[in-house]
Amino acid sequence: MTTQHGTVVEIGGFGVLLRGAPGSGKSSLALRLIDGLGYGIGDRPLKATLVADDQFELLKTGAGLVAKAPDTLAGLLEIRGVGIVKIGYRAEVALRLVVDLSLAATLARMPEPQDLTTEISGVRLKRIVLDASDLAATAKIRASLF
């Protein structure tokens with residue numbers, strides 16, 4: 001098991017890892033996913049649940065990768081301008097999607113196929129790159145899960 005930086009949420013039973021530099025909007029985007037229902041491109045609403053904010057523990061299993069919060073951070077979410085709040089959380093989740101956060105000006109309009117996956121600990125996962133401030137970011141994440 002290794003500890004890594006990032007924020008993890010569960011949506012529809014799937015784990016979504018939000019990665020980016022400090023201040024890139026990981027926790028804020030997680031809060032938007034947790035706060036609201038969304039459909040993405042599906043036919044049922046998908047609400048997110050926190051797994052881990054800022055740091056998570058990563059376990060490699062036969063089926064893939066599982067993320068969970070370190071005990072000291074379980075159920076804690078940093079909300080900039082508000083502080084650290086305690087919220088409901090899921091103990092662990094199998095990762096399905098990696099969201100790398102970047103500035104809008106650097107995003108490819110049509111990403112190359114090789115840019116739509118990433119490898120973590122020898123496991124290949126779906127990947128998208130978004131600007132956390134994009135009003136459609138939460139819908140894009142939900143749409144990318146399937």
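Being a predicted model, the structure only gives us computed values, none of them experimental.
Without hydrogens or angle criteria, Lys68 side chain to Ala52 main chain gives no donor-acceptor distance under 3.5 Å.
With sequence neighbours excluded, the residues satisfying side-chain hydrogen bond (donor to acceptor under 3.5 Å, both in side chains) with Ser27 are Asp53.
A side chain to side chain contact (heavy atoms under 4.5 Å, CB included) with Ile128 is found for one member of Val99, Asp115, Val98, Asp100 and no other, namely Val99.
Note that CG of Leu31 and CZ of Arg80 are 12.5 Å apart. Values are rounded to the nearest 0.5 Å. Between atom CZ of residue Arg96 and atom OG of residue Ser144 there is a gap of 10.5 Å, rounded to the nearest 0.5 Å. Here the straight-line distance linking atom CG of Leu50 with atom CD1 of Ile34 works out to 5.0 Å at 0.5 Å rounding. With rounding to the nearest 0.5 Å, the separation of NZ in Lys140 from CG in Leu135 is 9.5 Å. Distance check, rounded to the nearest 0.5 Å: CG of Leu33 to CZ of Arg142 gives 5.0 Å. Interatomic distance, Arg19 CZ to Leu101 CG, rounded to the nearest 0.5 Å: 10.0 Å.
When all heavy atoms of Ala137 and Asp131 are compared, the pair lying nearest together is CB-O, 3.9 Å.
Within a 6.0 Å sphere centred on CD1 of Ile41, heavy atoms belonging to other residues, nucleotides or ligands number 12 at most. Other residues, nucleotides and ligands contribute over 12 non-hydrogen atoms within 6.0 Å of the CZ atom of Arg124.
Residues Leu17 and Leu125 have side chains not in contact (no heavy-atom distance under 4.5 Å, counting atoms from C-beta outward). Between Arg32 and Asp35, the closest side-chain pair of non-hydrogen atoms is not below 4.5 Å.
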